[in-house]
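Just so you know, ligand 1 is whichever comes first in the structure, and atom 1 is the first atom listed for that ligand. Note that the coordinates shown come from a computational prediction; the quantities given were computed from them, not determined experimentally. Positions are given from 1, in the same order as the sequence printed here.
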Amino acid sequence: MKSIKAIAPATVANVSCGFDIFGFAVESPSDEVILTLKDKPGVVIKQITGDDGRLPMDATLNTSGVAVNAFLKHLESDAGVEIVLHKKLPLGSGMGSSAASSVAALVAINELMDRPYTREQLLPFAMEAERIASGSAHADNVAPSLLGGFVLIRGYAPLDVTRIPTPADLHCTLVHPHLELRTEDARRVLKSSIPMKDAITQWGNIAGLVAGLMKPDYGLIQRSLHDVVAEPIRSVLIPRFKAIKSIALQSGALGAGISGSGPTIFALSTEYSIADSVGKAIQLQFAELNLKSDVFVSKINMSGAKVV
Ligand code: HSE
């Protein structure tokens with residue numbers, strides 16, 4: 001029977017100021033999905049590794065299965081598909097774990113069916129999986145994981161997604177403390193409206209970050225990596241956040257903040273050696289709290305998910 005293996009990378013959503021509209025992909029880690037066509041119609045999850053048995057095996061509840069079901073429904077296909085999912089991304093980490101699984105599954109099924117859809121056309125199926133995972137169909141993890149690079153979701157209705165060029169030397173540090181935060185919970189704590197003065201600050205930073213990345217202008221990127229909407233509320237959920245952020249900046253990062261809904265911290269730096277020392281400095285902070293953490297340093301991943 002025909003089988004395809006695909007991987008999809010971790011992502012940093014929000015990127016400080018761009019709540020639900022900015023995200024970029026990193027080089028590692030990536031989730032891996034193997035899809036096999038079967039004679040018997042229906043989507044079945046055969047095996048999941050790396051999740052300590054915590055993810056649902058029911059294909060209507062697991063993001064990889066939800067995405068494949070949405071794909072087949074749109075294609076009006078009654079194909080039989082068996083899914084094997086190797087989780088490499090930590091759950092509830094803010095690194096786009098649910099997105100990586102659904103995106104890898106979509107790239108694999110699209111290949112198995114001889115590519116009926118473009119990458120962009122796969123997005124709504126991945127967003128459907130995000131809705132099941134977190135109660136909201138945000139695209140700021142699935143879009144960069146699928147397309148690669150730094151992605152702007154200009155609008156949701158209709159979906160309007162575009163890639164923003166980034167300086168080649170930009171490096172991302174991710175530090176994942178061994179804590180879990182459910183996106184659904186981290187969204188529930190947010191306010192439903194913001195004061196006009198915060199809105200003005202935020203859209204100045206959003207436009208500044210886009211301009212800074214495109215020019216490129218590191219000073220402008222640095223001044224724009226601030227969030228007055230989600231970070232002030234969510235940061236209380238992350239131990240020592242304030243100290244960690246200021247240590248990242250002291251170590252030379254252009255900016256640092258919460259990756260997606262957290263608790264992973266991301267930082268952006270102009271070169272590998274700075275990104276590496278930022279990671280070590282943050283890790284030390286978590287270690288002082290007896291919290292183990294993993295550090296990932298990479299450039300922005302320009303290619304996104306791929307068939308392997
Ligand atoms: N924009 C989403 C949020 C990303 O912050 O809730 C979740 O990874």
I'd like to check the salt bridge (Lys or Arg N to Asp or Glu O under 4.0 Å) partners of D198; sequence neighbours left out, ordered by chain and number.
none
Let me know which protein residues bring a heavy atom to under 4.0 Å of ligand 1; chain then number is fine for ordering.
A13, N14, F19, D20, H138, D140, N141, T183, R187, R234, G260, S261
In sequence, state the C-alpha distance, the side-chain angles, and the governing distance for T11 and N141, and then conclude on side-chain hydrogen bond (donor to acceptor under 3.5 Å, both in side chains).
CA-CA 6 Å; T11 43; N141 292 111; 3.0 Å; yes
Not counting sequence neighbours, list each pair that qualifies as a salt bridge (Lys or Arg N to Asp or Glu O under 4.0 Å) and has a residue in residues 210-235.
E231-K245
Inter- and intrachain pairs under salt bridge (Lys or Arg N to Asp or Glu O under 4.0 Å), touching residues 257-273, at least two apart
none
Parallel, tilted or perpendicular: which one describes the rings of F24 and F150, with boundaries at 30° and 60°?
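Judged by the thresholds at 30° and 60°, the geometry between F24 and F150 is parallel.
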Flag yes if more than 12 heavy atoms outside K2 fall under 6.0 Å of its NZ atom; otherwise flag no.
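Atom NZ in K2 is packed in, count exceeds 12.
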